[in-house]
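Take a look at the structure set out below.
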Number of protein chains: 2
Amino acid sequence: MDTAVICPRFESAISLLSQRWTGLIIYQLLAGPQRFSHLTDVIGISGRLLSERLKNLEAQGIVTRTVYPETPVRIEYELTEKGFSLKPVMDEIQNWSQVWVDPLETK
Amino acid sequence: MDTAVICPRFESAISLLSQRWTGLIIYQLLAGPQRFSHLTDVIGISGRLLSERLKNLEAQGIVTRTVYPETPVRIEYELTEKGFSLKPVMDEIQNWSQVWVDPLETK
DNA sequence: TATAATTGGTTACATAAAGTAACTAAAGAA
DNA sequence: TTCTTTAGTTACTTTATGTAACCAATTATA
């Protein structure tokens with residue numbers, strides 16, 4: 001009769017980061033607004049999945065999408081305050097990786 | 001001709017956390033050594049996946065497995081120093097979740 | 001007037017990962 | 001001998017991801 005459970009908010013947050021690519025997208029957007037094709041190039045994600053992930057992040061209020069009707073069209077993705085406030089999380093992952101990830105094993 | 005890339009160590013670290021269940025397992029083990037069946041109960045993961053994840057975490061030096069030949073057998077999983085040093089990451093995820101995750105949407 | 005070029009996607013299909021539930025090994029207890 | 005308990009494994013289904021070709025909008029070019 002053990003009723004111990006994991007905090008639902010924590011679970012929700014970690015399920016966000018547990019989705020493949022999502023962490024990398026947020027990390028990359030910490031550097032500032034970027035367009036779709038730049039994200040595919042830098043992250044190495046396919047258009048199909050990037051599109052899906054960005055829609056998701058937008059729906060969760062983590063990213064905004066802005067259309068600039070130039071030629072050719074320019075669309076920029078940018079973190080919201082909610083998204084940007086994940087920076088401390090990313091910083092700690094960065095710190096840990098510098099100490100514990102063996103660069104020879106990053107294949 | 002843009003050679004910008006994401007730090008390979010960061011990428012390696014986030015790919016660890018991007019694997020489903022891995023973050024929750026580490027978070028749960030921060031509370032101390034725990035046995036297999038307790039982890040399945042608390043986390044809500046199947047034996048198949050828990051087994052796979054724990055083998056993986058052991059291979060990466062994040063978790064240790066200790067057999068106590070009692071009756072019935074008791075096997076405990078515990079974080080190594082490398083694993084425990086992910087605590088600041090988990091703490092920041094926790095912080096973020098308290099501020100930004102709407103408890104009504106944690107379904 | 002076609003034709004091409006560029007961005008930001010979508011579609012269709014193959015492969016890999018995760019979910020589910022039944023099953024097994026070991027070892028002492030009844 | 002049969003039962004219980006823990007810690008898994010196996011076989012099978014469903015979901016997620018990878019890959020590559022395709023499309024719409026818009027302006028420049030032949």
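Chain naming here is simple, since letters A, B, ... match the order of the sequence lines and numbering starts at 1 in each. Given the structure is predicted, the values throughout are model-derived calculations rather than measurements. FYI, side chains are in, hydrogens and waters are out, and symmetry mates aren't considered; it's all heavy atoms of this structure.
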Parallel, tilted or perpendicular, as decided by the 30° and 60° cut-offs, for the rings of B:Y27 and A:F10: parallel
Respond yes when some side-chain nitrogen or oxygen of A:K55 is under 4.0 Å from OP1 or OP2 of C:dG8, and no when none is. no
Go nucleotide by nucleotide along DNA chain D from the 5' end; which of B:R35 and B:S51 gets its closest nucleotide reached first? B:R35
Just checking A:Y77: base, sugar-phosphate only, or nothing, at a heavy-atom cut-off of under 4.0 Å? sugar-phosphate
Less than 3.5 Å apart, any donor N or O on the side chain of B:Q34 or B:Q28 sitting next to an acceptor on the other?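 Present: a donor and an acceptor within the cut-off.
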For a quick check under 3.5 Å, do B:Q60 and B:N56 share a side-chain donor-acceptor pair by atom type? yes
Residue set satisfying side-chain hydrogen bond (donor to acceptor under 3.5 Å, both in side chains) with B:S85, at least two apart, ordered chain then number -> A:W96, A:W100
What are the atom names and distances for every N/O pair under 3.5 Å that joins the protein to nucleotides 20-30 of chain C?
residue: C:dT20; atom: O4; partner: B:R48; partner atom: NE; Å: 3.1

Return the value, rounded to whole Å, for the distance between atom [atom1] of [X] and atom [atom2] of [N].
X	N	atom1	atom2	answer
A:F36	C:dT6	CZ	P	18 Å
A:E76	C:dT7	CD	C1'	13 Å
A:L54	C:dG8	CG	P	11 Å

Given A:I14, which of B:L17, B:T22, B:I93, B:I26 fulfils the side-chain contact (heavy atoms from CB on, under 4.5 Å) condition?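 In the set B:L17, B:T22, B:I93, B:I26, the residue that makes a side-chain contact (heavy atoms from CB on, under 4.5 Å) with A:I14 is B:I93.
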Any non-hydrogen side-chain atom of B:I45 less than 4.5 Å from a side-chain atom of B:L39?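 With C-beta onward as the side chain, the pair stays apart.
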Is a donor on one side and an acceptor on the other found under 3.5 Å between the side chain of A:R74 and the backbone of A:Y68? no
Output yes when a side-chain donor or acceptor of B:R53 lies under 3.5 Å from a complementary backbone atom of B:R20, and no otherwise.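 Yes, B:R53 side chain to B:R20 backbone: donor-acceptor pair under 3.5 Å.
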Listed partners of A:K87 passing salt bridge (Lys or Arg N to Asp or Glu O under 4.0 Å), at least two apart: A:D91
Run the side chain to side chain contact (heavy atoms under 4.5 Å, CB included) test against B:E58 and tell me which residues pass, sequence neighbours left out.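 With sequence neighbours excluded, B:E58 shows a side chain to side chain contact (heavy atoms under 4.5 Å, CB included) to B:R65, given in chain and number order.
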Give me the first and last nucleotide of DNA chain D, going 5' to 3', that has any atom under 4.0 Å from a heavy atom of chain B.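 Listed 5' to 3', the contact boundaries are D:dT5 to D:dA11.
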Counting only non-hydrogen atoms, which of residues 15-33 of chain B are less than 4.0 Å from DNA chain D?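 The stretch gives none, as no residue of it lies under 4.0 Å from the strand.
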Counting only heavy atoms not in B:E81 (residues, nucleotides, ligands), do more than 12 fall under 6.0 Å from its CD? no
